[in-house]
Asks: 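Take a look at this one; I'll ask things after.
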Amino acid sequence: MWSIFKRELKSYFYSPLAYVLIGIYTLILSIQFSSLIVQANGPARLVFGGIIYYYSLLLALVLPILTMRVLADEKKNGTEVLLMTSPNGVPAIVIGKYLAALMVYLMMAAITGIYPIIIALSGDLNVASMITSYTGYILLGALFVAVGVFASSLTENSIVSAVIGTLGLFFIWILDSFKAAFKGVLLNFVNWISFYERFGQFVQGTISLKDFIFFFSLIALFLSLTIILVEKKRWSQG
């Protein structure tokens, strides 16, 4: 697993993909953060958790692009046979690739640490809220990476993979935005799959075991589905 992890992590930085995504992600957040500072007449009135919650939707676009080539490009690059005949088990392959993409995301998230520092310089940073917000932010991103890896296993086209992952995440976000239109069982279902609602609990400083279980369960679910699909492909090719 660790050999796969190291190979995949290096591959991100051997190509411009990671640099471009990290650059775009940081640029957009920095522009928005600067704009909010101007509107609030300084950083003292800004709430860090609210900022990353509002702009977390950007992750639904960036992370499926980050993971779009994880499995989809194996055939095009001629490494599919090596992958399928590798002495590493399929779970080790999938988890290794997932952890590499997750590490890149954590690097992206670490860059945002400059924003609470700027707010702290004004003397108005709620440290407890920052910690819980970051906890939710990391869990949300970890889930999105798992969804992206799963989407990459569904197709041999990396662009299609990115589209599937992005549309899937946006679909759940749209359901959450319009949940007032649902009632009964449908409303309960929408509330259950609403990861933005659960992320909001972290931003508000509320940490619940059930929310941790929710995120870890969905991450495990998507990784398990990915393993099943890759395993199926491995057996079908002998």
Side-chain angles (χ1 to χ4, degrees), residues 5-6 8-68 70 98-149 162 165-166 169-170 173 195-207 211-212 215-216 219:
F5 167 74
K6 289 186 287 186
E8 288 296 315
L9 187 59
K10 288 179 181 179
S11 71
Y12 278 112
F13 295 98
Y14 284 157
S15 72
L17 180 63
Y19 300 103
V20 170
L21 287 178
I22 292 175
I24 292 174
Y25 173 79
T26 304
L27 177 62
I28 293 176
L29 283 184
S30 296
I31 291 174
Q32 297 300 329
F33 184 71
S34 300
S35 176
L36 289 173
I37 289 178
V38 172
Q39 294 175 22
N41 295 318
R45 298 173 61 185
L46 297 181
V47 178
F48 174 70
I51 295 172
I52 61 171
Y53 178 79
Y54 188 77
Y55 293 107
S56 62
L57 190 61
L58 180 61
L59 295 178
L61 176 62
V62 171
L63 295 184
I65 296 177
L66 177 69
T67 58
M68 66 182 182
V70 168
Y98 168 76
L99 291 177
L102 179 61
M103 181 60 69
V104 176
Y105 165 65
L106 293 177
M107 293 177 188
M108 293 169 56
I111 294 174
T112 65
I114 188 64
Y115 307 134
I117 291 175
I118 293 174
I119 297 175
L121 291 176
S122 69
D124 289 290
L125 177 67
N126 186 323
V127 177
S129 175
M130 180 200 71
I131 293 174
T132 58
S133 296
Y134 258 129
T135 300
Y137 197 60
I138 290 172
L139 289 172
L140 185 72
L143 172 58
F144 285 8
V145 170
V147 172
V149 171
T166 299
L169 294 173
F170 271 103
W173 177 74
F195 40 69
Y196 283 106
E197 180 70 26
R198 294 174 188 273
F199 175 39
Q201 296 298 314
F202 284 93
V203 170
Q204 294 172 19
T206 303
I207 293 183
D211 290 329
F212 278 97
F215 280 108
F216 284 123
I219 291 169

Asks: Any side-chain to backbone donor/acceptor pair from Ser35 onto Ile31? Under 3.5 Å, distance only.
Replies: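 Answer holds: no.
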Asks: Between Tyr115 and Phe33, how do the two ring planes meet: parallel, tilted or perpendicular, split at 30° and 60°?
Replies: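 Correct class here is tilted.
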Asks: Do Asp211 and Phe199 make a side-chain contact, defined as non-hydrogen atoms from C-beta onward lying under 4.5 Å apart?
Replies: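 Asp211 does not reach Phe199 side chain to side chain.
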Asks: Which pair of non-hydrogen atoms, one from Phe202 and one from Gly136, has the smallest distance, and what is that distance?
Replies: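 Looking at all heavy atoms of both residues, the shortest contact is CG-CA, 3.6 Å.
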Asks: Which of these passes ring pair (Phe, Tyr, Trp, His ring centres under 6.0 Å) with Tyr19: Phe13, Tyr14, Tyr25?
Replies: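 It is Phe13, the one option of Phe13, Tyr14, Tyr25 that forms the ring pair (Phe, Tyr, Trp, His ring centres under 6.0 Å) with Tyr19.
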Asks: Hey, is OH on Tyr54 packed in by over 12 heavy atoms from elsewhere, all under 6.0 Å?
Replies: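 Not buried by this count: 12 neighbours or fewer within 6.0 Å.
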Asks: Donor-acceptor check, side chain of Tyr12 to backbone of Leu17, threshold 3.5 angstrom: yes or no?
Replies: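 Checking the backbone N and O of Leu17 against the side chain of Tyr12, no donor-acceptor pair under 3.5 Å is found.
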Asks: Side-chain contact test, heavy atoms from C-beta onward, threshold under 4.5 Å: evaluate it for Thr67 versus Phe144 and give yes or no.
Replies: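 In short, these two side chains do not touch, never coming nearer than 4.5 Å.
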Asks: Looking at Ile65 and Leu61, what are the two nearest heavy atoms and their distance?
Replies: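 That would be CG1-O, 3.3 Å.
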Asks: Would Leu106 and Ile138 satisfy side-chain contact (heavy atoms from CB on, under 4.5 Å), going step by step from the backbone distance to the final call?
Replies: CA-CA 7 Å; Leu106 293 177; Ile138 290 172; 3.9 Å; yes
Asks: Please report the shortest heavy-atom distance between Ala142 and Ile219, naming the atom on each side.
Replies: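 That would be CB-CD1, 3.7 Å.
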Asks: If we ignore angles and hydrogens, is there a donor and acceptor under 3.5 Å between the side chains of Tyr134 and Thr112?
Replies: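 On atom types as modelled, these side chains qualify, holding a pair under 3.5 Å.
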Asks: Name the orientation class of the two ring planes belonging to Tyr196 and Tyr53 (parallel below 30°, tilted from 30 to 60°, perpendicular beyond 60°).
Replies: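 Plane angle over 60°, so perpendicular.
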Asks: Any idea which heavy atoms bring Gly141 and Leu59 closest together, and the distance?
Replies: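 Of all heavy-atom pairs spanning Gly141 and Leu59, the closest is CA-CD1, 4.5 Å.
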Asks: Looking at Val145, Val147, Leu139, which one forms a side chain to side chain contact (heavy atoms under 4.5 Å, CB included) with Leu143?
Replies: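 When Val145, Val147, Leu139 are each tested with Leu143, the side chain to side chain contact (heavy atoms under 4.5 Å, CB included) holds only for Val147.
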Asks: Evaluate side-chain contact (heavy atoms from CB on, under 4.5 Å) for Val62 paired with Met108, printing each intermediate quantity in order.
Replies: CA-CA 10 Å; Val62 171; Met108 293 169 56; 3.5 Å; yes
Asks: Can you sort out the partners of Tyr98 under ring pair (Phe, Tyr, Trp, His ring centres under 6.0 Å), two or more places apart, ordered by chain and number?
Replies: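 In terms of ring pair (Phe, Tyr, Trp, His ring centres under 6.0 Å), with neighbours along the sequence ignored, Tyr98 is linked to no residue.
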Asks: Under the criterion side-chain contact (heavy atoms from CB on, under 4.5 Å), I'd like the reasoning laid out for Val203 against Tyr137: C-alpha separation, chi angles, the key distance, then a yes or no.
Replies: CA-CA 9 Å; Val203 170; Tyr137 197 60; over 6 Å; no
Asks: Minimum heavy-atom separation for Pro64 to Gly165, with atom names?
Replies: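 Between these two residues, the closest heavy atoms are CG-C, 3.8 Å.
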Asks: Measure the CG-OH distance between Leu66 and Tyr105 for me, rounded to the nearest 0.5 Å.
Replies: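 Those atoms lie 11.0 Å apart.
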